[in-house]
Amino acid sequence: MRGRIRDTVCVLNHARNERTKPPERGETMRALELPPRLRLIAGWVPEGAYLADVGTDHGYLPTWLRLQGKIRGAVASDLRPGPLERAKVTGSLYGTDNIEYRLCNGLAGIRPSEVDTVTIAGMGGETILSILKAAPWTAEGQHTLLLQPQSHEEMVRQYLAENGFAITREALVRDRGTLYTVMEAKAGKMELSLSQVWGGIGLAHDPLADRYIVEKIVRTQMALAGAKRSTRLQARTEELREILTALLRAREEWRHANRRTN
């Protein structure tokens with residue numbers, strides 16, 4: 001039994017080394033492919049940008065952008081050493097240059113003058129907000145933000161509207177069966193209705209918007225049903241009713257824009 005375990009460990013270690021070692025001379029490297037949500041973000045990164053990729057994890061986004069020649073350079077940051085090391089391995093495997101790897105919390109280790117575009121993807125909305133709050137320079141008008149919250153998108157929209165940002169475009173993408181929203185924001189002013197806070201901005205002709213709003217409606221209805229069972233949640237019940245009404249209005253606006261009657 002011990003011999004079998006030792007042999008298995010050797011095989012796994014060999015496989016791990018094969019995945020992380022640089023390609024041999026003359027070996028063809030498999031093309032780096034991005035998942036749909038990162039492809040959408042990559043398409044929005046301005047040509048010739050200097051990028052800060054916060055929470056870079058494997059470093060796929062800055063590596064892909066450098067391989068395409070779309071950005072001039074990047075700072076790939078992560079809070080944890082493990083993901084940052086994986087990002088370095090990715091950069092080494094694909095031979096990318098002009099990418100710096102920094103261990104830091106959010107944008108704390110990145111100077112405003114180093115970058116003009118900031119991507120924050122794959123994090124909860126609350127985490128994204130904590131990063132932006134700690135870096136008020138992002139609202140000074142010199143940077144483009146590309147944000148992909150995994151949750152609490154409404155909190156992100158509300159914060160941006162109240163803190164000197166304008167969402168210049170928003171789109172939905174389906175990735176492994178889940179709908180995600182991607183937002184582009186810059187310094188500016190905007191006022192949002194409750195329907196926009198919860199249902200999204202500029203999604204009138206997005207083919208995925210109906211499904212996105214319906215999912216929000218269902219979750220709100222479930223939360224409302226739970227709140228109604230408690231006499232102590234009267235204020236929350238009223239808030240949920242307002243949100244539900246706003247979402248139903250957002251869906252009607254989408255259906256009208258797309259001429260759907262059922």
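All residue numbers refer to positions in the sequence shown, counting from 1. Owing to the predicted nature of the structure, the values given are computational and were not obtained by experimental measurement.
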Side-chain donor/acceptor of [X] to backbone N/O of [Y], under 3.5 Å:
X	Y	value
Arg37	Asp175	no
Lys70	Val45	yes
Asp116	Ala49	no
Glu184	Leu146	no
Asn258	Ala204	yes
Asp57	Pro83	no
Thr96	Ser92	no

Rounded distance [0.5 Å steps], [atom1] in [X] versus [atom2] in [Y]:
X	Y	atom1	atom2	answer
Glu47	Gln68	CD	CD	10.0 Å
Trp198	Gln158	CH2	CD	10.0 Å
Thr220	Leu244	OG1	CG	6.0 Å
Glu154	Leu192	CD	CG	12.0 Å
Leu51	Thr144	CG	OG1	10.5 Å
Leu179	Lys216	CG	NZ	10.0 Å

Are Trp137 and His143 an aromatic pair by the rule of ring centers under 6.0 Å? yes

Shortest non-hydrogen contact between [X] and [Y], atoms and distance:
X	Y	value
Leu34	Ala42	CD1-CB, 3.9 Å
Asn163	Ala139	O-CB, 3.9 Å
Gly59	Thr90	O-CG2, 4.3 Å
Tyr212	Gly199	CE2-O, 3.9 Å
Thr56	Ala87	CG2-CB, 3.9 Å
Gly124	Ser151	CA-OG, 3.5 Å

Going by heavy atoms in the side chains, are [X] and [Y] under 4.5 Å from each other?
X	Y	answer
Pro149	Met183	yes
Gln196	Ser193	yes
Ile120	Gln148	no
Thr117	Tyr50	no
Leu84	Arg102	no
Tyr94	Leu32	yes
Asp53	Val75	no
Thr63	Ile99	yes

Around Glu215, counting heavy atoms of other residues, nucleotides and ligands shown, do more than 12 lie under 6.0 Å from its CD? yes

May I ask you to check whether over 12 heavy atoms, not counting those of Arg72, lie within 6.0 Å of atom CZ? yes

With hydrophobic residues grouped by side-chain heavy-atom distances under 4.5 Å, do [X] and [Y] end up in a single group?
X	Y	answer
Val214	Met222	yes
Leu79	Leu107	no
Trp64	Tyr101	no
Leu67	Ile41	yes
Leu224	Leu233	no

Before you tell me yes or no, could you show the steps for Tyr159 and His152 under side chain to side chain contact (heavy atoms under 4.5 Å, CB included), namely the whole-Å CA-CA distance, both residues' side-chain angles and the distance that decides it to 0.1 Å? CA-CA 11 Å; Tyr159 174 85; His152 297 300; over 6 Å; no

Evaluate Leu40 against Tyr180 for side chain to side chain contact (heavy atoms under 4.5 Å, CB included), listing each step before the verdict. CA-CA 10 Å; Leu40 177 56; Tyr180 298 100; over 6 Å; no

Salt bridge present between [X] and [Y] (N-O < 4.0 angstrom):
X	Y	value
Glu85	Lys88	yes
Asp210	Arg251	yes
Glu114	Arg111	yes

Salt bridge (Lys or Arg N to Asp or Glu O under 4.0 Å) for Glu239 and Arg241? Distances and angles first, verdict last. CA-CA 5 Å; Glu239 180 185 11; Arg241 282 179 177 147; over 6 Å; no

Between Arg66 and Asp97, does the salt bridge (Lys or Arg N to Asp or Glu O under 4.0 Å) criterion hold? Intermediate values first, please. CA-CA 8 Å; Arg66 279 297 295 151; Asp97 60 357; 2.4 Å; yes

Passes side chain to side chain contact (heavy atoms under 4.5 Å, CB included), Glu242 versus Leu194? Steps please. CA-CA 8 Å; Glu242 292 178 3; Leu194 194 59; 4.1 Å; yes

Can you tell me which residue among Leu132, Val118, Thr119 is in a side-chain contact (heavy atoms from CB on, under 4.5 Å) with Leu147? Leu132

Side chain to side chain contact (heavy atoms under 4.5 Å, CB included) assessment of Leu203 paired with Trp254: CA-CA 8 Å; Leu203 299 178; Trp254 185 90; 5.5 Å; no

With salt bridge (Lys or Arg N to Asp or Glu O under 4.0 Å) as the criterion, how do Glu33 and Arg39 come out once you've worked through the C-alpha distance, each side chain's angles and the decisive distance to 0.1 Å? CA-CA 9 Å; Glu33 296 182 2; Arg39 280 205 304 270; over 6 Å; no

